[in-house]
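Here is the structure we will look at.
In what follows, chains are A, B, ... by sequence order, proteins preceding strands, each numbered from 1.
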Amino acid sequence: MASVPKPNELVKTINHTPPETWWMDKKVEFRPGTFCNASRPQYLEAVGLPFAREWRVTEDDWKLPSNWKEIYINGIKERLERFRTFKVFMDICVRCGACADKCHFFIGSGDPKNMPVLRAELLRSIYRRYFTTSGKLLGRTAGARDLTEETFKELWYYFFQCTECRRCSLFCPYGIDTAEITIIGRELINLLGCNIDWIMGPVSNCYRVGNHLGIQPHAFRDMIEFFCDEIEGVTGVRPEPSFNRKGAEILFVTPSGDVFADPGTYTCMGYLMLFHELGLDYTWSTYASEGGNFGFFTSHEMAKRLHYKIYAEAERLGVKFIIGGECGHMWRLLHQYLATWWKPPKNLEVPVSPITGTRFEHAKSTKIIHIVEFTADLIKHGKLKLDPSRNDNLIVTFHDSCNVSRGMGMFEEPRYVLKNVCNNFYDMPPETIREQTFCCGSGSGLNTDEYMEMRMRGGMPRANAVRHVNEKYGVNMLACICAIDRAVLTPLMRYWVPDVQVCGLHELVGNALIMTGEQTRTTNLRGEPLPGMEEETDEDL
Amino acid sequence: MRWVDTLERNKQKVIETWFQKIIETYPEETAKFLKAQKNPFLNPVGGAIREGLEGIVNWIISGGKSEEVIPFLDRIIRIRAIQEFKPSEALQFIIELKVIIRNICSQESSVGLEAVDALVDKLLMESFDVFSKCREDLYEIRVQEIKDKTFRLLQRAGVLYEISPESEQRDR
Ligand code: SF4
Ligand code: SF4
């Protein structure tokens, strides 16, 4: 009689434990959902980047230029000479492992190459091979390896699995910032024309038209007018913003996501309401219509180039200073890089709030302040009439976006504003917020839909902390001050914590703000009934 | 002794062995981390697996009478559904449970231990549903994101065909 195997015997034949392979020997597999698509050539051409061509990530032949190795290695050499940090970071890691379990991509994916130390090691091994004596002589034994097409693909894969969030750097005893290594790693990728579509599309649009989506001036203006209609519908008060107005005191620039993508649009309405209520002498530019800067995810030069339109417009319009909207990487750039790139135009002055007289000394070098600082200062001086109970249907928590928290140290202002515009606020566990905040998992230009699976891995630690406050306090709203976050936390919540929605801070400010001459409000900016107004809104319908 | 009582007494051992089995499906370095870091906010995958396993074992002990096991399955499968696993790899841990319970419980007298097989089979069936729900969610979310990105523009450009009660009528 044939013997039928017992369940345990059957199970024994299936072994899912991954085989032991040394990390250098493991080949990258490009599975859908875990990589971003290659850039279309026209995007590279639009900004004059080299080696524009049609190529596909999943094909064996990436159509690299014939002298690609030389270009890549020279690229490393040049950057070692230019960036002291890069040189130091290549040399001093002692592999203590303190950073290893701090990356959200490692935590969420379980892939050891997402340990920051190993991510850096991917490039470091190439560096050793071509730039250190031990590496040249001893090769593998000295942790060095050859640059081959396989290793290049691996570098590509993992440098687009780092959101440049800097969480790991917080824990490194030597201050090694793997984000900076990724930034250089991406610059090198760029030299070979292997950038991704989702970054290059916005870069080329921004360069030619002024914003990521390539929205032309009339459509940009039209959209803002449309928000004014909506605001009028909710409040009975119509803001009258100006566009490209010379002689305005302030230029306001926000990421275009606030103008075109839900739920950022409600945040944009909040800005319009606030400025209207203050009677602020400000203007929008339909040319500098983007606060975000995907150039930063391409190269230092590209970021520098794309920023200039903001200063050029500030100069043309003759404003005194600039207020920037709720954006993440815009602020990291302003804070860490801008002062070394461009001198602000002569007409700009140290920002002084025309309402409170507060002088924002810390913005002396760039003349740009963050709207959350501006609003927090207004509230502190009692300049806003607020009714936080209009947000009583919300139990709110706050996500510290990596760029504004770790990138520039802004922790208190948003919380201060939140506590004044809503009555129910609960922070997530301390090891997941402020400087230790977990990334949304989609930053640094990785917020494209084809990458959804990887984004869900990377965002898992963040979502897990939200889940906790959702279960413990009933949190149903995740507030943030970054346009990418508003866009990407929404799908992240849909997957991991479906009853939590996402909003910007100024959406809640807009809801709470009591405007002069307003009608009795029955709905919030999303058109949902205000607490206690459920019956009135029913009648309206 | 009834098998349920044996299982109840050996619950922690079963959960630990099962946890160990699951984390062995990850590379060695990862497995170490999943096991060692006990803070569920710093190790959310490890935390979720533990929480899920405990819920499932409790469900088995209760004789599998309720639908309440789905959230616990979801806790683990939602993660594995978006990690580098094939569906079979993602769900194999369910079958392991049969072997683990047998090995541990058959060392003592455990009357009616065969009942476990049927319960685990039931779990496996449920877990197929959970897995495909997670993948469907993922695709759905992707589509929804594309819509969210362009909705306002299309609405403004007047090219959105908004469904009103009348147009629905007409379509029928
Ligand atoms: S910068 Fe952030 S994403 Fe990149 S390796 Fe460090 S923790 Fe990970
Ligand atoms: S913490 Fe710093 S020194 Fe230690 S392994 Fe990570 S990068 Fe290297």
Pick from [options] with the largest number of heavy-atom pairs that fall under 4.5 Å of chain A:
options                                  : value
Ile79(B), Asp74(B), Asp137(B)            : Ile79(B)
Gln144(B), Glu140(B), Arg78(B), Glu29(B) : Arg78(B)
Asn43(B), Leu34(B), Asn39(B)             : Asn39(B)

Can you tell whether the side chains of Arg455(A) and Glu145(B) come within less than 4.0 Å, N to carboxylate O?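 Salt bridge present between Arg455(A) and Glu145(B).
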Between Asp262(A) and Arg486(A), does any side-chain N to carboxylate O distance fall below 4.0 Å?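 No, this pair does not count.
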Part of [X] within contact of chain B (heavy atom distance under 4.5 Å):
X         : value
Thr265(A) : side chain
Gln436(A) : neither
Pro429(A) : side chain
Met115(A) : side chain
Arg494(A) : both

Testing the 3.5 Å rule here: is there a donor-acceptor pair between the side chains of Arg462(A) and Thr432(A)?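 Side chains of Arg462(A) and Thr432(A): pair found under 3.5 Å.
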May I ask you to check whether Arg457(A) and Thr34(A) show a side-chain donor-acceptor distance below 3.5 Å?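 Their side chains do not contain a donor-acceptor pair, so the 3.5 Å distance test is not met.
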Specify which of [options] makes the most heavy-atom pairs with chain B at under 4.5 Å.
options                                   : answer
Arg467(A), Met428(A), Glu450(A)           : Arg467(A)
Glu29(A), Arg31(A), Met454(A), His104(A)  : Arg31(A)
Gly108(A), Gly33(A), Ala487(A), Ala465(A) : Gly108(A)
Asn447(A), Asn464(A), Val488(A)           : Asn464(A)

Which portion of Phe33(B) sits near chain A, non-hydrogen atoms under 4.5 angstrom: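 The side chain, not the backbone.
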Chain A heavy atoms under 4.5 Å from Arg80(B): which part of the residue, side chain, backbone, both or neither?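 Contact with chain A is absent: no heavy atom of Arg80(B) under 4.5 Å.
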When the ring centroid of Phe85(B) is compared with that of Phe93(B), is the distance short of 6.0 Å?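 No, they do not, as the ring centres are separated by 6.0 Å or more.
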Quick check: are there more than 12 heavy atoms from other residues, nucleotides or ligands sitting under 6.0 Å from NZ of Lys86(B)?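 No - once you tally the heavy atoms of other residues, nucleotides and ligands closer than 6.0 Å, there are 12 at most.
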Count the heavy atoms of every other residue, nucleotide or ligand shown that sit under 6.0 Å from CD of Gln107(B), and state whether that count exceeds 12.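 Atom CD in Gln107(B) is packed in, count exceeds 12.
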Residue list, side chain to side chain donor-acceptor pair (under 3.5 Å) with Arg135(B), at least two apart or on another chain: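 With neighbours one apart ignored, the set is Glu453(A), Tyr139(B).
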Could you tell me if Arg167(A) sits above the aromatic ring of Phe438(A), with its cationic atom closer than 6.0 Å to the ring centre and no more than 45 degrees from the axis?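 Yes; both conditions hold, so Arg167(A) lies above the ring face of Phe438(A).
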